[in-house]
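In what follows, every chain begins at residue 1, and chains take the letters A, B, ... in the order their sequences are listed. Only heavy atoms go into these numbers, but all of them, side chains included; no hydrogens, no water, no symmetry mates.
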There are 2 protein chains.
Amino acid sequence: MTQKKPRSARGVASAVLDAHSSEQLAGLFRALADPTRLRIVSAVFDDEQCVHDLASVLELEQSAVSHQLRMLRDLRIVRRRKEGRHVYYSLDDSHVRDLFAFALEHIRHQEGSR
Amino acid sequence: MTQKKPRSARGVASAVLDAHSSEQLAGLFRALADPTRLRIVSAVFDDEQCVHDLASVLELEQSAVSHQLRMLRDLRIVRRRKEGRHVYYSLDDSHVRDLFAFALEHIRHQEGSR
DNA sequence: TGAACATATGATCAATTATTCATATGTCAA
DNA sequence: TTGACATATGAATAATTGATCATATGTTCA
């Protein structure tokens with residue numbers, strides 16, 4: 001493991017985050033702060049999936065998946081595409097894809113260094 | 001066997017996240033899913049700060065700050081340095097610094113595109 | 001030693017939230 | 001149309017959580 005200093009991120013938050021920004025940012029993190037939603041995100045990471053298949057793969061009730069998808073949709077993290085009676089969900093935001101990937105790498109490295 | 005990844009973050013989660021990984025990852029995001037903790041992180045982003053100054057700057061009770069700092073410390077997001085009767089907190093993990101900076105950039109861009 | 005200061009922490013309470021159940025809406029095929 | 005399938009959603013419930021209060025621990029200095 002390297003221990004180099006990332007000069008890139010320094011200075012980004014020179015002042016303490018104001019109330020509005022911190023609420024907004026917390027909202028983004030909160031969307032990813034649940035195992036079920038993370039598994040949904042990982043399931044649609046590469047390809048779109050319909051609700052039924054998501055429920056099946058994740059072994060969750062269809063209702064639970066729908067509720068979480070709605071939240072992710074409200075936060076513009078996933079988007080819907082209707083096709084007949086199926087609704088396909090996919091990642092709406094590549095930033096979130098990167099955020100997810102970055103954080104996943106982080107915990108995997110942490111895991112190894114304990 | 002191995003397929004070529006068309007984009008940087010693609011392929012990171014080729015399979016659906018397992019229960020353990022999703023719990024761990026959710027834990028990391030949950031740590032940042034609260035405005036108060038985010039403001040604490042932003043306050044120690046560049047320099048260490050003692051508890052009292054954090055409480056003063058963030059306009060929070062000392063107790064509330066201490067509780068949140070403990071959580072951040074348990075998650076190895078901040079670290080303590082004792083000096084006399086003061087305890088100075090700083091970011092313990094540069095990955096978190098990058099994660100924070102990345103996410104902040106994200107919402108700032110989103111903000112502009114609405 | 002005692003008083004003031006700095007930090008930590010257990011208990012409590014209010015607010016939030018993830019899931020389940022029941023049900024509604026919408027689509028397709030026979 | 002009817003019945004089966006796919007998805008969405010409101011209500012209820014249990015679990016989690018952030019802040020506060022009261023108090024404990026630890027440090028410095030007169």
Measure CZ/A/R79 against C1'/D/dT7 and give the value in whole Å, please.
19 Å
Would you confirm whether A/S42, through its side chain, and B/L17, through its main-chain N or O, come within 3.5 Å as a donor-acceptor pair?
yes
Sorted by position of nearest nucleotide on DNA chain C, 5' first, the leading residue of B/V51 and A/R37 is B/V51
Do any side-chain nitrogens or oxygens of A/R80 fall under 4.0 Å of OP1 or OP2 in D/dT7?
no
Starting from P on D/dG18, measure out to CD1 on B/I40 and report it in whole angstrom.
11 Å
Whole-Å gap separating P (C/dA18) and CZ (A/R39):
15 Å
Under 4.0 Å from any atom of DNA chain D, heavy atoms only: list the residues of residues 56-66 of chain B that qualify, in numerical order.
B/E61, B/S63, B/A64
Pairing residues for A/R85 by the salt bridge (Lys or Arg N to Asp or Glu O under 4.0 Å) criterion, not counting sequence neighbours:
none
Pairwise distance CG(A/L28) to CD1(A/I77) - rounded to 0.5 angstrom:
6.0 Å
Give a yes or no answer on whether the side chain of B/R37 reaches the backbone of B/A31 with a donor-acceptor pair at less than 3.5 Å.
yes
Less than 3.5 Å between a donor and an acceptor, one on the side chain of B/H86 and one on the base of D/dT28, is that the case here?
no
Would you tell me if any nitrogen or oxygen in the side chain of B/Y89 comes within less than 4.0 Å of OP1 or OP2 on C/dA6?
no
Parallel, tilted or perpendicular for A/H109 and B/H95, by the 30°/60° rule?
tilted
Answer yes or no: side-chain N or O of B/H67 and base N or O of C/dT7 forming a donor-acceptor pair under 3.5 Å.
no
Just the rounded figure in Å: distance from C1' of D/dT16 to CG of A/D34.
12 Å
Picking from D/dT27, C/dT9, D/dG18, which would you name as closest to the side chain of B/K82?
D/dT27
Across the strands shown, which category fits B/Y88 at heavy-atom distances under 4.0 angstrom: base, sugar-phosphate, nothing?
nothing
Just how far, in rounded Å, is C1' of D/dT17 from CZ of B/R70?
15 Å
Among the candidates C/dA6, D/dT7, C/dT7, find the nucleotide nearest to the side-chain atoms of B/R85.
C/dA6
Kindly confirm or rule out a cation-pi arrangement of A/R97 over A/F45, judged by NZ or CZ under 6.0 Å from the six-membered ring centre and within 45° of its axis?
yes
Considering only heavy atoms from C-beta outward, does the side chain of B/R39 approach that of A/D18 to under 4.5 Å?
no
In whole Å, what is the span from the NE2 atom of B/H52 to the P atom of C/dC5?
10 Å
Does A/Q68 put a side-chain nitrogen or oxygen below 4.0 Å from OP1 or OP2 of C/dT17?
no
Expressed in angstrom and rounded to an integer, what is the separation of B/R30 atom CZ from C/dT16 atom P?
17 Å
Please figure out whether A/G84 or B/L69 has its closest DNA chain C nucleotide nearer the 5' end.
B/L69
What's the closest nucleotide to the A/T36 side chain, out of C/dT27, C/dT19, D/dG18?
C/dT19
Between the side chain of A/R30 and the main-chain N/O of B/A33, is any donor-acceptor distance below 3.5 Å?
yes
Whole-Å distance between D/dT17 P and B/F29 CZ?
17 Å
